[in-house]
Amino acid sequence: QVQLVESGGGLVQAGGSLRLSCAASGRTFSPYGMGWFRQAPGKEREFVAAISWGGGRTFYEDSVKGRFTASRDNARNTVYLQMNSLKPEDTAVYYCAASFYVSSTWYRGKYDYWGQGTQVTVSS
């Protein structure tokens, strides 16, 4: 069984930075990749970023390109999302998820496990 726990959220002013972490439980963890999603009040959940577990290849939503960076530490079963130059529109609950689906487009597909989310609030 896979359990994911996000941390690192908080309140920050526009232009500031935060680093989110997502730790997976257990000593055996080998997803195809990990994704970051967010959901703002009254809006649907949206894709933010993803990183392949093996090669560390990253993918980003256009709105965060150049500002957010996904990374991973396989030995620690942990993925990160470094968020710089934060904007008020980045305010949302951020979730990490694990995908075991082997596909070239896995990061846009089905995710098998989800964390509980961590709140990110950016003030103007």
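All residue numbers refer to positions in the sequence shown, counting from 1.
In this pair, Phe37 and Tyr111 present their aromatic rings perpendicular. The plane angle is above 60°, beyond the 30 to 60° band. Relative orientation of the Phe29 and Trp53 rings is perpendicular, given thresholds of 30° and 60° on the angle between their planes.
The two residues Arg72 and Ser52 have their closest heavy-atom pair at NE-O, 3.5 Å. Between Val5 and Gln116, the shortest heavy-atom distance links the atoms CA-OE1, 3.5 Å. Closest of all the heavy-atom pairs between Trp106 and Ala50 is CH2-CB, 3.6 Å.
Contact check on Lys65 versus Asp62 returns a salt bridge, with a Lys/Arg side-chain nitrogen under 4.0 Å from an Asp/Glu carboxylate oxygen.
Between Met83 and Val64, the closest side-chain pair of non-hydrogen atoms is not below 4.5 Å.
At most 12 heavy atoms of other shown residues, nucleotides or ligands fall within 6.0 angstrom of atom CD in Gln3.
No donor-acceptor distance shorter than 3.5 angstrom exists from the side chain of Ser124 to the backbone of Pro88, with no hydrogens or angles considered.
Phe47 and Leu4 are not part of a single hydrophobic cluster, where members link through side-chain heavy atoms under 4.5 Å apart. No chain of hydrophobic side-chain contacts below 4.5 Å, direct or via other Ile, Leu, Val, Met, Phe, Trp or Tyr residues, connects Val12 to Tyr80. Hydrophobic clustering places Val48 together with Val120 (ILVMFWY residues linked when any side-chain heavy atoms are closer than 4.5 Å, directly or through intermediates).
Separation of atoms CE (Met34) and OG1 (Thr78) is listed at 9.0 Å; rounding is to 0.5 Å. Atom OG1 of residue Thr91 and atom NZ of residue Lys43 lie 10.5 Å apart, to the nearest 0.5 angstrom.
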